[in-house]
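One structure is given here, and the rest of the page talks about it.
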Amino acid sequence: MSHEPAEPRSSNFIRDRIIEDLKTNKYQGRVQTRFPPEPNGYLHIGHAKAICLDFGLADEFHGHTNLRFDDTNPEKEDVEYVNSIMQDIQWLGFHWDGLYYASDYFDQLYEWAIKLIRDGKAYVDDLTADEIRQYRGTLTEPGKNSPYRARSVEENLDLFQRMKAGEFPDGSRVLRAKIDMASPNFNMRDPVMYRILHAEHHRTGNKWCIYPMYDYAHGQSDSMEKVTHSMCSLEFADHQPLYNWFIQQLGIFPSQQIEFDRLSLTYTIMSKRKLRRLVEEGRVKGWDDPRMPTLTGMRRRGYTPEAIRNFVNAAGVSRTNGIVELAMLEHYVRDDLNKRSPRVMAVLRPLKVVIDNYPAGQVEEMDAVNNPEDAGAGSRKVPFTKTIYIEQDDFRENPPKGYFRLSPGREVRLRYAYLVTCTTVVKNDQGEVVEVHCTYDPATRGGNTPDGRKVKSTIHWVSAGHAIDAEVRLYDNLFSKEDPDQVEPGQDFTANLNPASLEVVTSAKLEPSLANLTAGSRYQFERLGYFCVDPETTPGKPVFNRTVALKDAWAKVEKKHAGK
RNA sequence: UGGGCCGUCGACUAAUGGUAGGUCAAGUGCCUUUGGAGCACUUUGUCUAGGUUCGAAUCCUAGCGGCCCAGCCA
């Protein structure tokens, strides 16, 4: 169950289905769902969609949701992942009712397998993996029965028990369901139920050397938990007949599977296998690298659970294979952060400004509003002095058309401080502007203009003598193509990695109110974007991650001109 | 090619035989001590062809297009 109040959402076919089932009393008014991750990797934003559906829908109808780890393959799974998964679900704001593991059901599953053998519905097959593949047939040709398909119940029972007892090596035999080798649906061509795997399981240790396949474990696990609506992604639609077949043969609680489309995002890969490669090959710094679409990465980047949930709800659910624009995710992050982030002034690329007519040694404490979107957030004092830093981008010696910021002879407002006019510039040997001189108007304290005079621009600043040095990490899309998998022949998705996805700014200047920082705190750096304190922050060296930049109308204009 | 699923503005998603609507993006204007936020407005859509019907995005037929399935992965 989640703690979130139900918010107005547009309808979707799963909710409609639940409403219909409630109306017909199909499950005595119960709604029971489950979220069934395999603990073989970190959760990503695609999982967030499934989580919001599984937990959100159950919550909406006063139902229950279990967290069930689908741990039927000991070779790929690990406790490291179960811990991270639990943490990520809680961080997203959801709470499970029951906590289960498919491995909790290994004994029951084994008993049921014995029953199916007794009923003549399952048999031990000695064919090799390769032979099984050949016997399975092709898209257009039916499969052939295995020569071992007609074994007696007694022989099957004996062999299966000996499989369990560890008498046979890995891969030597499997237990298969006896269905129909001519079915047009491959999943019904005598699917494998158990394989021999002499591997230590992270929960059951060495108790088992045979492990159930997904298809034999999932539906029965749902059934045991009396799951009423078992949501999964579209590629499992072909498995539904098999899901139902096992439940029918066993005569157990009829859980039903409902498939929906996965979440895809532009400029993003969602495949666990590929994300793992990025980590293992060192293309990113880890699963929690802020460029990763993992929940742990997004958390470190500064995304909020609310933003992710709002985005997922807005993106909706259907059965079409679409790709949501990353811009939509970014909108929901800004939307949430705008309401809750305290504003602060920080200069990423400092340019020294000297205010010639301002008294040397004087310090004025200027009142600055903490959050114009939140009257309760209060205000703070920011020190102003003769020498300050402004953003290099906020000065142009030769301003292009439409550029409103500081340039020789032009007056701008220093936020919460004074109106200043640029008089002269100082250049280095390379001809670069290294210092700007201004004069200020003492009548404009606080940025007010008693005479009603207007300036086109307000820029942020930090007092040079009070500034705190900081490292700021700026992120761009991890991939430079909307579809990272679109590559030239012979290449793979890593060819589309964006070489500029990380830019580290090492000498940013922060206003002194940022002296004590807590990892994970979020701020808006005025006019720049939303930033989050990184865990690598130390008392002497603050480190920030840019979550997302503010919308930038000027950048858009510039880009348009550049494009022409 | 056998089977399954799916085609609605640039993107995502509603409309459940009865006015094609919302969000994002894009654009215009207003406002602004963040070129932020906000407000107002605007552009663009039912894959195609037939059929049923007073009426079709919706139902039927046939095309076209996309995705998934031949693991002892999930």
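Per chain, numbering begins at 1; letters A, B, ... match sequence-line order.
Checking the phosphate oxygens (OP1, OP2) of B:U13, a side-chain nitrogen or oxygen of A:Ser318 falls inside 4.0 Å. Residue A:Lys551 has a polar side-chain atom (N or O) positioned under 4.0 Å from OP1 or OP2 of B:A25. For A:Arg343, no side-chain nitrogen or oxygen approaches OP1 or OP2 of B:A37 to under 4.0 Å. The phosphate of B:C24 has OP1 or OP2 within less than 4.0 Å of a side-chain N or O from A:His331.
Contact annotation for A:Tyr332: backbone-only contact, meaning every heavy-atom pair under 4.0 Å involves sugar-phosphate atoms and none involves a base. Counting non-hydrogen atoms under 4.0 angstrom, A:Thr138 reaches a base of the nucleic acid. As judged by a 4.0 angstrom heavy-atom cut-off over every strand, A:Arg415 is placed among the base-contacting residues. Across all strands shown, A:Asn448 has heavy atoms under 4.0 Å from base atoms, whether or not it also approaches the sugar-phosphate. Within the nucleic acid shown, A:Glu75 has no heavy atom closer than 4.0 Å to any nucleic acid atom. A:His239 comes within 4.0 angstrom of a base, heavy atoms only. In this structure, A:Arg189 reaches neither bases nor backbone, as no heavy-atom distance under 4.0 Å exists between it and the strands shown. As judged by a 4.0 angstrom heavy-atom cut-off over every strand, A:Lys456 is placed among residues making no nucleic acid contact. Contact annotation for A:Phe525: no contact, since no heavy-atom pair falls under 4.0 Å across all strands. A:Pro372 comes within contact range of at least one nucleobase, with a heavy-atom separation under 4.0 Å. Backbone-only engagement by A:Asn12 is indicated by non-hydrogen atom pairs under 4.0 Å involving sugar-phosphate atoms exclusively. Using a 4.0 Å heavy-atom criterion, one finds that A:Glu373 contacts the bases of the nucleic acid, with or without backbone contacts as well. In this structure, A:Val369 reaches neither bases nor backbone, as no heavy-atom distance under 4.0 Å exists between it and the strands shown. In this structure, A:Gly143 reaches neither bases nor backbone, as no heavy-atom distance under 4.0 Å exists between it and the strands shown.
B:C41 and B:C5 are spaced 43 Å apart, taking the P atom of each and rounding to whole Å.
Exactly one residue among A:Arg149, A:Arg136, A:Arg176 makes a side chain to side chain donor-acceptor pair (under 3.5 Å) with A:Asp190. That residue is A:Arg149.
Stacking between A:Tyr214 and B:A74 is absent: the ring centroid is not both under 5.5 Å from the six-membered base ring centre and under 30° in plane angle. Judged by centroid separation below 5.5 Å and plane tilt below 30°, A:Phe404 stacks onto the base of B:G35.
In this entry B:G21 has B:U13 as its Watson-Crick or G-U wobble partner, both defining distances falling under 3.5 Å. Pairing of B:G55, defined by two Watson-Crick or G-U wobble distances under 3.5 Å, is not identified with any nucleotide. The pairing partner recorded for B:C5 is B:G66, the criterion being a Watson-Crick or G-U wobble arrangement whose two distances lie under 3.5 angstrom.
When the nucleotides B:G35, B:C72, B:G3 are ranked by their closest atom to the side chain of A:Asp238, B:G3 comes out on top. Here the side chain of A:Thr72 is nearest to one of B:U13, B:A74, B:G3, namely B:A74. Closest to the A:Met213 side chain, of the nucleotides B:G35, B:C73, B:G2, is B:C73.
Scanning residues 123-136 of chain A for heavy-atom distances under 4.0 Å to RNA chain B yields A:Leu127, A:Thr128, A:Ala129, A:Ile132, A:Arg133, A:Arg136.
Aromatic rings of A:Phe69 and A:Tyr81 (six-membered ring for Trp) have centroids beyond the 6.0 Å cut-off, not under it. A:Phe525 has its ring centre less than 6.0 Å from the ring centre of A:Phe531.
With hydrogens and angles ignored, no donor-acceptor pair under 3.5 angstrom links the side chain of A:Glu526 to the base of B:G36.
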